[in-house]
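Computation of the quantities below employed the complete heavy-atom set of this structure, encompassing side-chain atoms and omitting hydrogens, waters and symmetry-equivalent molecules.
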Amino acid sequence: MLEMNIIAPNIKNGGGKELLEYLLEHLDQMYKEIMVTVYIDKSLSYIQNTKNRKVIVLESAFEKISLFMKKIDNALYFGNLPPLLKSKNSVVYFHNLYLLMNLKTLSASSLKFFIKYFLQQIYIKKFVSNVDIVACQNNFIKNKFVKKYNFQNVEILPFFRLCDKKKYDFKDKKYDFCYISLAHPHKNHFLLLDALELLSKKQIKVRIALTIESDKQDLIDKITKINSYGVVKIDNLGVLSKDCVCKVYSESKCLVFPSTEETFGLGLIEATYMNLDVIAADLKYVYQAVEPSMVFNPYSARMCADIMEKYLKGTSKESVPLVKNNIDKLINKVCNYVQK
């Protein structure tokens with residue numbers, strides 16, 4: 001039996017968690033001849049052993065560090081960081097923009113943030129040659145990685161799990177817009193809320209679904225304030241399962257995507273495959289993922305509001321996905337195995 005090791009102790013939530021779950025599900029269903037060993041953080045301990053999957057839960061930071069000191073062949077290092085020892089058939093899957101930031105940008109953040117990502121950048125530069133390939137999600141990230149780390153073996157291997165359109169084919173649209181994203185600073189929720197407040201002041205009725213965590217009190221307070229005007233209706237649904245995310249897409253007309261930085265833009269792909277229109281930030285990462293319906297300046301709440309208003313008046317084109325799913329190609333790189 002072939003073997004594949006997935007080193008993912010740094011994955012805890014967000015897009016990385018979604019991709020890891022999908023990868024394990026796909027391996028379980030489509031690659032029964034591959035024995036998978038996956039190393040995960042204790043926060044993902046709901047992931048269970050299966051007939052061809054062994055789950056190893058790492059409880060402490062020491063256990064995680066020790067794992068990177070082992071020689072593990074046929075390994076996918078899923079959390080951006082390479083191992084300390086050279087291994088065969090090894091791939092780092094890189095999906096963290098903070099590890100591409102320059103020192104000036106990092107230093108503008110908190111001291112804890114700066115130290116964390118500065119040290120990780122040094123680590124990558126020193127040990128990235130211990131893997132055969134770095135995989136990333138688009139050409140923009142590839143070029144930045146090659147330039148920053150002077151490592152040439154970088155391949156574009158995006159993968160993603162799509163919603164079942166037949167299962168979630170809702171005719172009635174509850175929401176004019178949705179934005180499915182955790183509230184990390186670069187996701188730009190404050191700008192979106194400022195834009196919605198401007199629409200409210202113009203008496204333009206809008207209903208939008210957001211998925212902001214319950215501990216983001218500053219954003220929650222702003223949502224409460226905007227809803228109190230009685231014009232714009234913001235439904236904050238909190239953190240959702242994949243099924244619930246698909247349901248929200250099916251109930252929405254358009255995805256609004258104001259994020260200022262992305263390694264991929266998974267929500268853009270998901271939404272377009274669900275036949276949603278997309279209005280998004282006028283930034284390079286967007287055009288790597290989709291052909292959007294409309295774009296706006298992600299640093300101007302007024303421009304965002306104007307584009308949302310324009311969309312509501314019916315002046316937009318259909319959005320088109322530009323990315324194919326490379327999950328099987330990624331698995332082949334690690335296992336040196338072709339399914340068909």
Donor-acceptor pair, Asn52 side chain versus Tyr31 backbone, under 3.5 Å?
yes
Ring centers of Phe118, Tyr123 separated by less than 6.0 Å
no
Kindly determine whether Phe94 and Phe145 satisfy ring pair (Phe, Tyr, Trp, His ring centres under 6.0 Å), including the steps that lead there.
CA-CA 9 Å; Phe94 185 86; Phe145 190 94; 4.9 Å; yes
Give the intermediate values and the outcome of ring pair (Phe, Tyr, Trp, His ring centres under 6.0 Å) for residues His189 and Tyr179.
CA-CA 9 Å; His189 281 85; Tyr179 184 29; 4.8 Å; yes
Determine, using ring centers only, whether Tyr98 and His186 are less than 6.0 Å apart.
yes
Residues Asn89 and Asp73: side-chain donor-acceptor under 3.5 angstrom:
no
List the atom pairs, donor and acceptor, that lie under 3.5 Å between side-chain atoms in residues 237-245 and the rest of the protein, sequence neighbours left out.
| from | atom 1 | to | atom 2 | distance (Å) |
| --- | --- | --- | --- | --- |
| Ser241 | OG | Cys244 | N | 3.3 |
| Lys242 | NZ | Glu18 | OE2 | 3.4 |
| Lys242 | NZ | Arg161 | O | 3.2 |
| Lys242 | NZ | Glu270 | OE2 | 2.4 |
| Asp243 | OD1 | Tyr168 | OH | 2.9 |

Given Thr37, Ile47, Leu27, the one that forms side chain to side chain contact (heavy atoms under 4.5 Å, CB included) with Arg53:
Ile47
May I ask you to say whether Glu197 pairs ionically with Lys202, meaning some side-chain N is under 4.0 Å from a carboxylate O?
no
Minimum heavy-atom distance Pro298-Asn188, with the two atoms named:
O-ND2, 2.8 Å
Taking Lys216 first and then Asp218, would you say they form a salt bridge - that is, a charged N and a carboxylate O separated by under 4.0 Å?
no
Checking Tyr285 now: which residues fulfil ring-ring contact (aromatic ring centres under 6.0 Å, His included) with it, not counting sequence neighbours?
none
On a heavy-atom basis, which atom in Ile180 and which in Leu255 lie closest, and how many Å separate them?
N-CD1, 4.3 Å
Tell me if the centroids of the rings in Phe140 and Tyr287 come within less than 6.0 Å of each other.
no
Between Thr224 (side chain) and Ile220 (backbone), is there a donor-acceptor pair under 3.5 Å?
yes
Can you see which heavy atom on Ala289 is nearest to which on Ile269, and at what distance?
O-CD1, 3.3 Å
Would you say Glu25's side chain and Glu21's backbone share a donor-acceptor pair under 3.5 angstrom?
no
Does one side chain, of Lys148 or Gln121, offer a donor that lies under 3.5 Å from an acceptor on the other?
yes
I'd like to know if the side chain of Gln29 reaches the main chain of His26, judged simply by a donor and an acceptor atom lying under 3.5 Å from each other, with no hydrogens or angles considered.
no
